[in-house]
K.L.:
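Pasting a structure here, questions to come.
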Amino acid sequence: MKIASWNVNSLNVRQPHLEEWLKMRQPDVVCLQETKLEDHKFPDDALLELGYRSAFVGQKTYNGVAILARHKIDDVLTDVPDFADEQRRVIAATVNGVRIINLYVVNGQDVGTDKYEYKLRWLEAVTRWIADEKAKHGKVVVNGDFNIAPDDRDVHDPETWNDSHILTSAAERGALQRLLDLGFHDAFRLKHDDAGVFSWWDYRAAAYRRNLGLRIDLNLVSDALRDVVTDAGIDREPRDWERPSDHAPAWVDLAL
DNA sequence: ATGGTCGGGCGCCGA
């Protein structure tokens, strides 16, 4: 079972990329972020023709998340209980006996801003909710654009991306750690120790050409799935295509 | 790398 996470930065623009990539890699489940589409504009018919069912929740201009799957999609949830939020950043569903959670974590702009405080509050609420999901379902994969790089191996320049910088600050990494402490594992790190494998490169300053990136797109597997992870990685190929998203897909393979 | 680029949608915000 191949499960992927991809921030497409507008599904309207990236639909051809998504379709090409689905044909190439044949993933079983894909979690999309930043679809930026209202629900009535979601291309579910076109995706069904490629063999993918979809569950989605979106809004105009910002955010928007979706789960695509070759299997049936059950028990879809699009709101974090007891956390009122107009921003469409979360969707969860059960596919093939695995609880799939898809997060578009708040970016946070800069340390100390209102958006940063919202990011930390949001992560706290989401972590509480995921604890319940894990207790209920056991086999859980949390996929998403986390907007947090776990450690120094995941940034091109640890001097800049330090404990007081957005995406790497101590409070953000602490919030990610509290999620991991529920009994989750960064699938990529179960299989690979290397530094310099990134999933996001800023559009500005030719960052991709110079590989000035961060690994902020993650697949976290629950304890119950740890031993069935066969591999994980980042597929850089779509980042080389014309008019790419600034993110590349992060994937995990499970022997299920 | 305090922004040199994108996307959305028409002036400028968000990433």
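Labels below follow one simple rule: chain letters A, B, ... track the order of the sequence lines, proteins then strands, and each chain is numbered from 1.
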K.L.:
Find out whether Asp223(A) and Phe184(A) are in side-chain contact, i.e. whether some heavy atom of one side chain is under 4.5 Å from a heavy atom of the other.
P.N.:
no

K.L.:
Rounded off to whole Å, could you give me the CG-to-P distance for the Asn7(A) and dC6(B) pair?
P.N.:
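Rounded to whole Å, this separation is 16 Å.
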
K.L.:
Please tell me which of the listed nucleotides, dA15(B), dG9(B), dG7(B), lies nearest to the side chain of Asn9(A)?
P.N.:
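Of all the options, the side chain of Asn9(A) is nearest to dG7(B).
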
K.L.:
By the 4.0 Å heavy-atom rule, please label His247(A) as base, sugar-phosphate, or nothing.
P.N.:
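His247(A): no heavy atom of the nucleic acid under 4.0 Å.
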
K.L.:
What distance, rounded to whole Å, do you find between the two P atoms, one in dG9(B) and one in dG14(B)?
P.N.:
14 Å

K.L.:
Gln33(A) vs Ser5(A), test: side chain to side chain donor-acceptor pair (under 3.5 Å). Steps then yes/no.
P.N.:
CA-CA 8 Å; Gln33(A) 303 88 32; Ser5(A) 179; 3.1 Å; yes

K.L.:
Which part of the nucleic acid, if any, lies within contact of Tyr208(A), taking any heavy atom under 4.0 Å across all strands shown: a base, the sugar-phosphate backbone alone, or nothing?
P.N.:
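Counting heavy atoms under 4.0 Å across all strands, no contact is made by Tyr208(A).
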
K.L.:
Distance check needed: dG14(B) P versus Tyr116(A) OH, whole Å only.
P.N.:
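Atom-to-atom, Tyr116(A) to dG14(B), this comes out as 19 Å.
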
K.L.:
Verify the distance criterion only: is there a donor paired with an acceptor across the side chains of Asp85(A) and Tyr118(A) at less than 3.5 Å?
P.N.:
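Yes, side-chain donor-acceptor contact under 3.5 Å.
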
K.L.:
Which nucleotide in the set dG4(B), dG14(B), dG9(B) lies at the smallest distance from any side-chain heavy atom of Lys115(A)?
P.N.:
dG14(B)

K.L.:
Find the distance Gln33(A):CD to dG7(B):P and express it as a whole number of Å.
P.N.:
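One finds 17 Å between P of dG7(B) and CD of Gln33(A), rounded.
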
K.L.:
Nearest-nucleotide wise, let me know which of Trp161(A) and Tyr104(A) is further upstream toward the 5' end of DNA chain B.
P.N.:
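Per heavy-atom nearest nucleotide, the more 5' residue is Trp161(A).
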
K.L.:
Answer yes or no on whether Arg215(A) is positioned over the face of Phe198(A), meaning its NZ or CZ is under 6.0 Å from the six-membered ring centre and within 45° of the axis.
P.N.:
no

K.L.:
Among the candidates dG7(B), dT2(B), dT5(B), find the nucleotide nearest to the side-chain atoms of Lys36(A).
P.N.:
dG7(B)

K.L.:
Would you mind reading off the distance between Gln109(A) atom CD and dG3(B) atom C1', rounded to a whole angstrom?
P.N.:
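Rounded to whole Å, this separation is 13 Å.
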
K.L.:
Counting only side-chain heavy atoms from C-beta out, which of dG8(B), dC6(B), dA15(B) sits nearest to Tyr203(A)?
P.N.:
dC6(B)

K.L.:
Mind checking Arg209(A) for me? I need base, sugar-phosphate or nothing, with any heavy atom below 4.0 Å counting as a touch.
P.N.:
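Nothing: the residue Arg209(A), judged by heavy atoms under 4.0 Å, touches no strand.
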
K.L.:
Which part of the nucleic acid does Asp246(A) contact within heavy-atom distance under 4.0 Å: base, sugar-phosphate only, or nothing?
P.N.:
nothing

K.L.:
From the options dT2(B), dA15(B), dG8(B), select the nucleotide whose nearest atom is closest to the side chain of Glu34(A).
P.N.:
dA15(B)

K.L.:
Between dC13(B) and dG4(B), how far apart are the two P atoms, rounded to whole Å?
P.N.:
15 Å

K.L.:
For dT2(B) and dG11(B), measure between their P atoms and round to the nearest Å.
P.N.:
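About 30 Å, rounded to a whole number of Å.
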
K.L.:
Quick check: His17(A) with Trp241(A) (ring centres under 6.0 Å apart)?
P.N.:
yes

K.L.:
To the nearest Å, give me how far apart OH (Tyr62(A)) and C1' (dG7(B)) are.
P.N.:
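It works out to 10 Å between those atoms.
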
K.L.:
Grab the CG-C1' distance between Asp145(A) and dA15(B) for me, whole Å please.
P.N.:
10 Å

K.L.:
With respect to the side chain of Asn107(A), which nucleotide from dA15(B), dG7(B), dT2(B) is positioned closest?
P.N.:
dA15(B)

K.L.:
Would you mind reading off the distance between Leu214(A) atom CG and dA15(B) atom P, rounded to a whole angstrom?
P.N.:
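The answer, rounded to whole Å, is 16 Å.
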
K.L.:
Give a yes/no answer on whether the side chain of Arg89(A) brings an N or O atom under 4.0 Å of OP1 or OP2 in dA15(B).
P.N.:
yes

